[in-house]
A.B. asks: 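Can you read through this structure? Questions will come right after.
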Amino acid sequence: MAVFSFLSPFFLAVICVLIIIILQSMKKTDGKKEKGEKTSKAESRPWVDEDLKDSTELLAEDEEKDEWQDSDEENLTHVPFSPRRYSEQEMLKRSKEFYELLNQRRSVRFISDKAIPREVIDNIIRAAGTSPSGAHTEPWTFVVVEDPEVKHKIREIIEEEEEINYRKRMGDKWVNDLKKLKTNWVKEYLDTAPYLILIFKQVYGIRSNNRKKTHYYNEISVSIACGILLAAIQNAGLVTVTTTPLNCGPRLRLLLERPVNEKLLMLLPVGYASKDATVPDLQRKPLEDVMVVV
Ligand SMILES: Cc1cc2nc3c(=O)[nH]c(=O)nc-3n(C[C@H](O)[C@H](O)[C@H](O)COP(=O)(O)O)c2cc1C
């Protein structure tokens, strides 16, 4: 008995060490497995930059084959193209004026309810639709909301989710970083702006035979379109604020009856700035801080 009572703590320690070694070796194997899975996924998605977490949806092999068979890209004719050229002087003037126009753009969170012509909205969305897109898939849908009731429902959904975001999901650091902008979950502009434009990225397309079509780089493509949209809004003398309503996508998609292949990327309220609008006095980085010439 005396021997047993002396040995038991020793045996206990040995058993514990053995268990730790076994658990660690199991973890390593799992890690290797996971890494292997990730690599094989990356290999089958050659257009995906792992850093960018592209959400281009992988399609079943038969759907891909179907796409190749249907593709009429090979028969696409190539036509002569002579884009307009300017003298160097004119180029300098135009580039400076364009910069000055865009440098006046600010995110405005106080938007008047003054009406604006629908045709202006049509034109700025036409401009956004000129964006380049991966393999010319044009993976965007711009939902324009003008109905006051629908705008209000959108506000209710966003304010409800944003309150949870600010209070629970975003964390102290993010909320603190936003303090200087004086933003919170109350978003009056969702009611007052004459138009809300909700930009959806299509993570895959639907062909005429109901088969799926790969939308390469859909998020980058739609983000470029959003940039052009912002520039077009500025050019029209209107204002907006870029918003990415966190965790609101699925509810807004259902409200607006958009299909499952569409994911909300951005929401832009569009209108005139209200008379008492203010913006944070932010400074932009000078050219030498953002440009590297090699
Ligand atoms: C991807 C992205 C998401 C943003 N999301 C929000 C948002 O949810 N709410 C908001 O009030 N502003 C949002 N902004 C606006 C930024 O706060 C704003 O662009 C930044 O403070 C610089 O100000 P400026 O746009 O006036 O130059 C967002 C901007 C970007 C580019």
Side-chain angles (χ1 to χ4, degrees), residues 51-55 98-112 124 128 131 139-140 142-143 145 151 154-193 195-201 217-253 263-274 276-287 289-291:
D51 273 350
L52 293 177
K53 290 199 178 130
D54 178 293
S55 60
F98 190 65
Y99 157 62
E100 283 167 354
L101 172 73
L102 292 192
N103 197 29
Q104 286 161 26
R105 184 207 57 77
R106 292 305 312 274
S107 291
V108 179
R109 299 172 180 89
F110 305 94
I111 301 182
S112 125
I124 61 175
S131 170
W140 39 68
F142 303 93
V143 178
V145 181
K151 280 194 290 177
I154 290 175
R155 180 178 176 180
E156 284 176 340
I157 291 175
I158 291 181
E159 287 189 344
E160 198 179 298
E161 291 293 336
E162 283 281 81
E163 184 168 1
I164 306 172
N165 292 338
Y166 272 84
R167 287 192 193 280
K168 291 184 187 165
R169 297 182 186 130
M170 288 159 63
D172 293 344
K173 189 187 177 299
W174 193 358
V175 171
N176 197 49
D177 283 348
L178 286 174
K179 259 189 194 150
K180 60 176 184 282
L181 302 180
K182 291 192 182 155
T183 57
N184 60 28
W185 55 86
V186 182
K187 299 185 190 287
E188 206 185 332
Y189 55 72
L190 293 172
D191 271 326
T192 58
Y195 294 102
L196 304 180
I197 305 177
L198 290 93
I199 302 102
F200 288 83
K201 60 171 186 176
Y217 292 119
N218 56 75
E219 184 156 331
I220 300 179
S221 306
V222 184
S223 300
I224 295 171
C226 288
I228 297 175
L229 189 56
L230 290 172
I233 291 169
Q234 177 67 14
N235 184 53
L238 299 170
V239 299
T240 188
V241 50
T242 305
T243 71
T244 43
L246 190 65
N247 291 308
C248 301
R251 287 175 74 187
L252 293 176
R253 188 178 64 71
K263 311 272 180 225
L264 182 68
L265 191 73
M266 210 171 272
L267 183 156
L268 300 176
V270 183
Y272 294 103
S274 46
D276 53 0
T278 58
V279 292
D281 190 15
L282 301 173
Q283 302 301 315
R284 294 190 167 125
K285 290 178 180 173
L287 184 66
D289 284 4
V290 297
M291 186 168 102

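As the structure is a computational prediction, the values presented were derived from the model and not from experiment. For ligands, and for the atoms within them, numbers begin at 1 and follow the listed sequence. The figures that follow rest on heavy atoms only: side chains count, while hydrogens, waters and symmetry mates do not.
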A.B. asks: For Ser274 and Tyr189, run side-chain hydrogen bond (donor to acceptor under 3.5 Å, both in side chains): C-alpha distance rounded to whole Å, both residues' side-chain angles, the deciding distance at 0.1 Å, then the answer.
C.D. replies: CA-CA 10 Å; Ser274 46; Tyr189 55 72; over 6 Å; no
A.B. asks: Among protein heavy atoms, which lies nearest atom 27 (O) of ligand 1, and at what distance?
C.D. replies: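 Scanning the protein heavy atoms, the shortest distance from atom 27 (O) of ligand 1 goes to Arg284 NH2, 2.8 Å.
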A.B. asks: Looking at OG1 of Thr243 and CG of Leu190, how far apart are the two atoms once the value is rounded to the nearest 0.5 Å?
C.D. replies: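 Interatomic distance, Thr243 OG1 to Leu190 CG, rounded to 0.5 Å: 7.0 Å.
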A.B. asks: Looking at ligand 1, does any of its N/O atoms fall within less than 3.5 Å of an N/O of Arg106?
C.D. replies: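 Yes, Arg106 has an N/O under 3.5 Å of an N/O on ligand 1.
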A.B. asks: For Thr242, is at least one N or O under 3.5 Å away from an N or O on ligand 1?
C.D. replies: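 Thr242 vs ligand 1: N/O contact under 3.5 Å present.
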A.B. asks: Taking distance alone, with N or O pairs closer than 3.5 Å, would you say Thr183 contacts ligand 1?
C.D. replies: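 No, no N or O pair falls under 3.5 Å.
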A.B. asks: Provide, to 0.1 Å, the distance between atom 9 (N) of ligand 1 and the closest protein heavy atom, together with that atom's residue and name.
C.D. replies: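 Looking at atom 9 (N) of ligand 1, the protein heavy atom closest to it is Thr243 CG2, 3.9 Å.
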A.B. asks: On a heavy-atom basis, I'd like to know which of Cys226, Ser107, Pro280 is closest to atom 19 (O) of ligand 1.
C.D. replies: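 When every heavy atom of Cys226, Ser107, Pro280 is considered, Ser107 comes closest to atom 19 (O) of ligand 1.
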A.B. asks: State if Met266 counts as touching ligand 1 under the rule of any non-hydrogen atom under 4.0 Å.
C.D. replies: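 Under 4.0 Å: no for Met266.
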A.B. asks: For ligand 1, is Val279 a contact, meaning one of its heavy atoms is under 4.0 Å away?
C.D. replies: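 No heavy atom of Val279 comes that close to ligand 1.
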A.B. asks: By side chain to side chain contact (heavy atoms under 4.5 Å, CB included), which residues pair with Asn103, not counting sequence neighbours?
C.D. replies: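 Asn103 satisfies side chain to side chain contact (heavy atoms under 4.5 Å, CB included) with Tyr99, Arg284 only.
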A.B. asks: Taking N or O atoms only and a 3.5 Å limit, does Glu162 qualify as a polar contact for ligand 1?
C.D. replies: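 Looking only at distances, the answer is no, because the N/O contact criterion of under 3.5 Å is not met.
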A.B. asks: Specify the protein heavy atom at minimum distance from atom 12 (N) of ligand 1: its residue, its atom name, and the distance to 0.1 Å.
C.D. replies: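 I find the closest protein heavy atom is Arg109 NH2, 3.2 Å.
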A.B. asks: Give a yes or no answer on whether the side chain of Arg106 reaches the backbone of Thr278 with a donor-acceptor pair at less than 3.5 Å.
C.D. replies: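 Not confirmed, Arg106 side chain does not pair with Thr278 backbone.
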A.B. asks: Do me a favour and list the nearest non-hydrogen protein atom to atom 8 (O) of ligand 1 with residue, atom name and distance?
C.D. replies: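 In this structure, atom 8 (O) of ligand 1 has Thr244 N, 3.5 Å as its nearest protein heavy atom.
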A.B. asks: Go through ligand 1 atom by atom and flag the ones less than 4.0 Å from a non-hydrogen atom of Val241.
C.D. replies: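 Numbered from 1, ligand 1 contributes 10 (C), 11 (O), 12 (N).
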A.B. asks: Looking only at heavy atoms, what is the nearest atom pair of Arg169 and Leu246, with distance?
C.D. replies: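 Here Arg169 and Leu246 meet closest at NH1-O, 4.5 Å.
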A.B. asks: Taking Glu219 first and then Lys263, would you say they form a salt bridge - that is, a charged N and a carboxylate O separated by under 4.0 Å?
C.D. replies: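 A salt bridge is absent here (no side-chain N lies under 4.0 Å from a carboxylate O).
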A.B. asks: Spell out, as yes or no, whether a donor-acceptor pair under 3.5 Å connects the side chain of Lys182 to the backbone of Lys179.
C.D. replies: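 Pair absent, no side-chain N/O of Lys182 close to backbone of Lys179.
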A.B. asks: Please name the pair of heavy atoms, one in Phe142 and one in Ile197, separated by the smallest distance, quoted to 0.1 Å.
C.D. replies: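 Scanning both residues, the minimum pair turns out to be CB-CG2, 4.2 Å.
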A.B. asks: Does any N/O atom on Lys187 come nearer than 3.5 Å to any N/O atom on ligand 1?
C.D. replies: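 Looking only at distances, the answer is no, because the N/O contact criterion of under 3.5 Å is not met.
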A.B. asks: Look at the side chain of Glu188 and the backbone N and O of Phe110, then say whether any donor-acceptor pair between them is shorter than 3.5 Å.
C.D. replies: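 A pair under 3.5 Å: no.
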A.B. asks: Hey, is the main chain of Ala273 close enough, under 3.5 Å, to the side chain of Ser112 for a donor-acceptor pair?
C.D. replies: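 Side chain of Ser112 to backbone of Ala273, a donor-acceptor pair under 3.5 Å: no, none is there.
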A.B. asks: Can you list the atoms of ligand 1 that are under 4.0 Å from a heavy atom of Leu282?
C.D. replies: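 Reading through ligand 1 atom by atom, the close ones are 21 (O), 22 (C), 23 (O).
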A.B. asks: Below 4.0 Å, non-hydrogen atoms only: which portion of Leu181 touches ligand 1? Side chain, backbone, both or neither.
C.D. replies: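 Only the side chain of Leu181 comes within reach of ligand 1.
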